[in-house]
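What follows is a single structure, written as structure tokens, with notes after it.
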Amino acid sequence: MGEGSLNNFVHTMIDEDIKNNKYQGRVHTRFPPEPNGYLHIGHAKSICLNFGTAKKYGGLCNLRFDDTNPSKEETEFVDSIMEDVKWLGFDWDDRLFYASDYFEQLYQFAVKLIQKGKAYVCELSPEKVREYRGTLKEPGKESPFRNRSIEENLTLFEKMRKGEFQDGSKVLRAKIDMSSGNLNMRDPVLYRIQKSEHHRTGNTWCIYPMYDFAHGQSDSIEGITHSVCTLEFEDHRPLYEWFLKELEIYAPRQIEFARLNLTYTVLSKRKLRALVEGKFVSGWNDPRMPTLSGIRRRGYTPEAIRNFCDMIGVSKSNSTVDFAMLEYCVREDLNKKAHRVMAVLDPIKVVITNYPEGQTELLDAENNPEDASMGSRKIPFSREIYIERDDFMENPPKKFHRLFPGGEVRLKFAYYIQCQEIVKNADGSIKEILCTYDPETKGGWSSDGRKVKGTIHWVSAVDALKAEARLYDLLFTKQNPDEVEEGKEFTDFLNPQSLEIKTIYVENTLKNAEIGQRYQFERKAYFCVDVESRKDALVFNRVVNLKDSWIKIQGKENP
RNA sequence: UGGGGUAUCGCCAAGCUGGCAAGGCAGCUGGUUUUGGUCCAGCCAUUCGGAGGUUCGAAUCCUUCUACCCCAGCCA
């Protein structure tokens with residue numbers, strides 16, 4: 001949907017509407033978040049669908065905050081939502097709206113309904129309302145206040161607005177059908193009394209419209225053609241349509257699609273909030289969170305997210321997307337964009353015994369083999385270097401083509417080295433590895449046609465910079481953390497290894513790495529400079545590992 | 001017999017005017033490679049939740065059964 005190129009059932013419906021000249025060929029959507037939390041990857045699906053659809057059809061998409069419940073909504077959230085939508089790459093131009101913009105209009109709509117004898121003020125307590133509503137299988141009972149006169153309803157409703165009644169003492173209800181199989185049609189509440197301050201209208205109102213009474217009418221006022229929402233609103237559609245019909249106003253078409261579910265994570269505001277409030281993560285923007293702010297900090301790109309939304313499609317079946325698909329999307333994007341750089345995450349020292357002591361030379365290293373225009377850099381090489389601990393094995397298995405006693409490997413961009421000796425500590429662990437290099441192989445090429453099986457990465461010990469690496473992994477150990485047995489909570493399945501902090505060595509060209517910059521640490525993973533990073537204390541977040549087929553081979557050889 | 005939905009490869013998902021199952025992810029085989037990365041080539045549903053039926057022919061139409069999801073907030 002980033003390009004609006006893929007088709008889906010929503011587009012099929014729009015195509016029909018266009019063919020039938022419904023809405024005169026217009027396409028106008030909206031993204032309607034409630035500002036009561038941070039946006040997550042599931043919202044990205046909706047954003048891409050709504051803005052993407054508008055783009056595809058040359059239409060418009062509004063950003064509208066559904067702020068009808070003052071007790072839950074805050075300005076902090078509207079700010080973060082706007083930031084996230086922009087970051088994702090979408091623009092609402094001058095069409096920023098709030099349901100609260102329409103409070104007066106909505107009030108007048110309610111008055112109209114009362115005048116038509118289609119709404120009444122009900123004084124049943126919340127408990128009684130529930131009781132009278134009936135159950136899923138049994139019809140409800142009519143409220144004793146259902147047949148008040150229009151005049152009395154008008155007076156009472158006006159007094160509600162004036163603040164003459166206590167919170168919860170009265171509500172305005174639609175008069176529809178207490179025996180409907182669809183509970184939403186059993187005289188739904190339109191307005192409740194809530195004397196709390198609204199983030200935008202302050203204290204000018206003490207009655208607030210319910211979602212059902214605000215959403216469709218807001219869509220109508222804005223001239224929305226296709227009101228796309230998630231599946232759970234499917235049984236609200238008859239009500240959505242009932243209001244527009246009774247109010248005799250322009251009617252958009254509501255279309256429902258399946259919300260996103262992702263393996264190994266949770267995507268409900270309630271649970272995400274619980275993770276933040278329970279300090280299981282550092283905040284809404286913790287790089288392990290599926291929030292857009294978390295994902296952004298982690299190092300995901302908007303392009304990768306948009307591509308992901310294109311890839312997963314849009315349908316009505318309740319599905320759970322494999323987290324691997326998201327990871328595929330970032331790798332694909334970062335492979336093209338990220339500078340390659342060398343970093344050793346788990347160092348072991350190698351001394352090149354025949355290399356002159358105290359000497360340092362600069363070697364050429366290309367920044368991205370996928371894109372020559374990204375140029376090259378100079379990296380320092382010296383007598384002592386660090387290599388990755390698992391790039392050396394004293395007793396290598398078959399097919400291990402890295403460094404081992406007597407073996408020769410290529411140090412990427414540098415020289416061929418051969419392992420001569422292992423120096424151990426008193427406890428038997430390896431202290432350092434002594435190697436010799438072949439001066440004729442500078443740059444990593446040999447003129448005699450000799451072949452080496454492996455190429456490994458390294459950093460010059462004296463030149464390397466120490467840095468902090470935050471290695472993130474899946475937040476949960478369970479594919480579906482929402483599915484918990486009796487007595488357990490979703491937080492019981494948090495992955496204790498979701499964050500590992502290490503001190504690593506990186507090549508000194510990273511000295512001026514800027515916050516938000518993404519790199520590929522050769523042969524390891526993509527990393528992104530964290531917001532907490534400083535010049536003298538670099539911090540890198542692991543975005544995602546590179547694919548590693550060696551672990552597969554290893555598993556097969558040594559089961 | 002509450003109402004509303006959904007069922008196509010391990011995971012997403014096309015297909016819906018009936019004509020003989022796209023694509024992606026994952027996986028598997030090979031090839032290229034100064035990243036065991038990328039890239040390239042090949043493989044991966046005789047079958048479309050089950051059972052009947054209509055038809056020369058059905059994932060697509062009809063009947064019926066089954067499974068799963070959503071709804072009893074003065075939340076959205």
Side-chain angles (χ1 to χ4, degrees), chain A residues 6-9 12 32-34 36 66-69 71-73 122 124-126 129-131 133-140 167-173 179-186 188-194 207-208 210-212 214-215 229-238 256 258 263 269 310-329 331-332 335-336 340 342 365-366 368-370 399-402 410-414 416 443-445 452-457 520-525 545-554:
Chain A
L6 268 27
N7 209 42
N8 60 52
F9 84 97
T12 303
E34 180 190 15
N36 70 341
D66 221 330
D67 55 351
T68 58
N69 187 348
S71 62
K72 294 187 166 187
E73 296 144 8
C122 181
L124 250 24
S125 66
V129 168
R130 189 186 319 128
E131 194 180 313
R133 185 155 34 225
T135 68
L136 293 178
K137 298 198 172 187
E138 294 153 12
D167 281 20
S169 62
K170 290 180 178 53
V171 291
L172 182 72
R173 293 228 254 166
S179 64
S180 171
N182 181 346
L183 304 215
N184 294 120
M185 302 301 271
R186 319 239 264 228
V189 172
L190 271 37
Y191 269 90
R192 76 284 213 181
I193 301 172
Q194 202 177 112
I207 56 171
Y208 293 93
M210 298 290 290
Y211 164 85
D212 285 307
H215 205 97
C229 61
T230 45
L231 251 32
E232 66 270 28
F233 292 101
E234 212 149 16
D235 2 300
H236 290 245
R237 193 180 346 126
E256 312 83 11
T263 55
K269 279 186 189 171
D310 275 344
M311 253 170 74
I312 59 175
V314 179
S315 77
K316 298 192 69 158
S317 60
N318 226 305
S319 55
T320 302
V321 175
D322 193 336
F323 200 86
M325 232 192 258
L326 221 206
E327 296 191 321
Y328 167 84
C329 290
R331 286 196 197 101
E332 181 192 51
N335 178 50
K336 294 177 296 196
R340 271 59 172 171
M342 297 213 275
E366 60 179 344
N368 190 332
E370 304 294 311
K399 296 190 184 174
F400 180 83
H401 39 251
R402 302 182 192 178
R410 169 166 43 229
L411 291 177
K412 183 144 182 155
F413 304 133
Y416 287 5
W445 301 101
V452 290
K453 326 98 250 187
T455 301
I456 63 175
H457 58 99
Q520 182 198 98
F521 287 2
E522 293 263 7
R523 304 206 304 132
K524 301 305 288 184
N545 272 132
L546 250 39
K547 285 220 281 187
D548 184 1
S549 52
W550 167 237
I551 47 173
K552 288 175 197 165
I553 297 168
Q554 220 177 176

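Within every chain, numbering begins at 1; the chains are lettered A, B, ... in the order of the sequence lines, protein sequences first and strands thereafter. Computation of the quantities below employed the complete heavy-atom set of this structure, encompassing side-chain atoms and omitting hydrogens, waters and symmetry-equivalent molecules.
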- [ ] Not counting sequence neighbours, which residues clear ring-ring contact (aromatic ring centres under 6.0 Å, His included) with A/H457? List them please.
- [x] none
Are there any protein N/O atoms within less than 3.5 Å of an N/O atom in nucleotides 22-25 of chain B, and if so, which ones and at what distance?
from  : atom 1 : to     : atom 2 : distance (Å)
B/C25 : OP1    : A/Y328 : OH     : 2.9

Task: Selection from B/G37, B/A76, B/C12 that lies nearest to any side-chain heavy atom of A/N335 - done: B/G37
Task: Candidate nucleotides B/G27, B/G36, B/A13, ranked by approach to the side chain of A/K552 - the nearest - done: B/G27
Open item on the list: Base, sugar-phosphate or nothing for A/L124? Non-hydrogen atoms, less than 4.0 Å.
Closed with: base
Open item on the list: So, does A/R133 get its side chain near the phosphate of B/C74, meaning an N or O under 4.0 Å from OP1 or OP2?
Closed with: yes
TODO: Look at the side chain of A/T320 and decide which nucleotide, out of B/C74, B/C12, B/G2, has an atom nearest to it.
DONE: B/C12
Task: Those residues that, when tested against A/A258, pass side chain to side chain contact (heavy atoms under 4.5 Å, CB included) (two or more places apart) - done: A/L231
TODO: Looking at every strand, decide which applies to A/R410 at a 4.0 Å heavy-atom threshold: base, sugar-phosphate, or nothing.
DONE: base
Task: First of A/K170 and A/V321 reached from the 5' end of RNA chain B, by closest nucleotide - done: A/V321
Task: Distance between C1' atoms of B/G27 and B/C69 (Å, rounded) - done: 29 Å
Pairs: protein N or O with nucleotides 3-6 of chain B N or O, under 3.5 Å:
from : atom 1 : to     : atom 2 : distance (Å)
B/G3 : O4'    : A/G181 : O      : 3.4
B/G3 : N2     : A/D235 : OD1    : 3.3
B/G5 : O2'    : A/E234 : OE1    : 3.4

Open item on the list: Please classify the nucleic acid contact of A/F323 as base, sugar-phosphate, or nothing, using heavy-atom distances under 4.0 Å.
Closed with: nothing
Open item on the list: Using a heavy-atom cut-off of 4.0 Å across all strands, would you classify A/V189 as base, sugar-phosphate, or nothing?
Closed with: sugar-phosphate
Task: All salt bridge (Lys or Arg N to Asp or Glu O under 4.0 Å) counterparts of A/K412, not counting sequence neighbours - done: A/E522
- [ ] Could you tell me the separation between the CG atom of A/L190 and the P atom of B/G73, rounded to a whole number of Å?
- [x] 17 Å
Task: Sequence-distant partners of A/F323, ring-ring contact (aromatic ring centres under 6.0 Å, His included), two or more places apart - done: none
Open item on the list: Heavy atoms only, 4.0 Å cut-off, all strands: where does A/E138 land among base, sugar-phosphate and nothing?
Closed with: nothing
Open item on the list: Can you tell me the base-pairing partner of B/C39? Count Watson-Crick or G-U wobble geometry only, both distances below 3.5 Å, and say none if there is no partner.
Closed with: B/G31
Open item on the list: Quick check on RNA chain B: between A/E522 and A/T12, whose nearest nucleotide comes earlier from the 5' end?
Closed with: A/T12
- [ ] Decide, for B/G73, between syn and anti: a glycosidic angle within 90° of 0 counts as syn, anything else as anti.
- [x] syn
Open item on the list: What's A/M210 touching, base or sugar-phosphate or nothing? Going by heavy atoms closer than 4.0 Å.
Closed with: sugar-phosphate
Open item on the list: Students often get this wrong, so: under 4.0 angstrom with heavy atoms, is A/D66 touching a base, only sugar-phosphate, or nothing?
Closed with: sugar-phosphate
Open item on the list: Looking at A/R130 and B/G73, is any side-chain donor or acceptor paired with a base atom of the opposite kind under 3.5 Å?
Closed with: no
- [ ] Could you tell me whether A/Y208 contacts a base, only the sugar-phosphate backbone, or nothing, with contacts defined as non-hydrogen atoms closer than 4.0 Å?
- [x] nothing
TODO: Measure the distance between the ring centre of A/Y211 and the centre of the six-membered base ring of B/A76, then answer whether it is under 5.5 Å with planes under 30°.
DONE: no
TODO: Taking only Lys NZ, Arg NE, NH1 and NH2, and the carboxylate oxygens of Asp or Glu, determine whether A/E366 and A/R340 approach each other closer than 4.0 Å.
DONE: no
TODO: Give A/P32 one of three labels, base, sugar-phosphate or nothing, depending on what nucleic acid heavy atoms sit under 4.0 Å from its own.
DONE: nothing
- [ ] For A/H236, answer base if it contacts any base atom (sugar-phosphate contacts may also be present), sugar-phosphate if it contacts only those atoms, and nothing otherwise; contact means non-hydrogen atoms under 4.0 Å.
- [x] base
TODO: Assign A/T263 to base, sugar-phosphate, or nothing according to its heavy-atom contacts below 4.0 angstrom with the strands shown.
DONE: nothing
TODO: Could you tell me whether the phosphate oxygens of B/A13, OP1 or OP2, come under 4.0 Å of any side-chain nitrogen or oxygen in A/S315?
DONE: yes
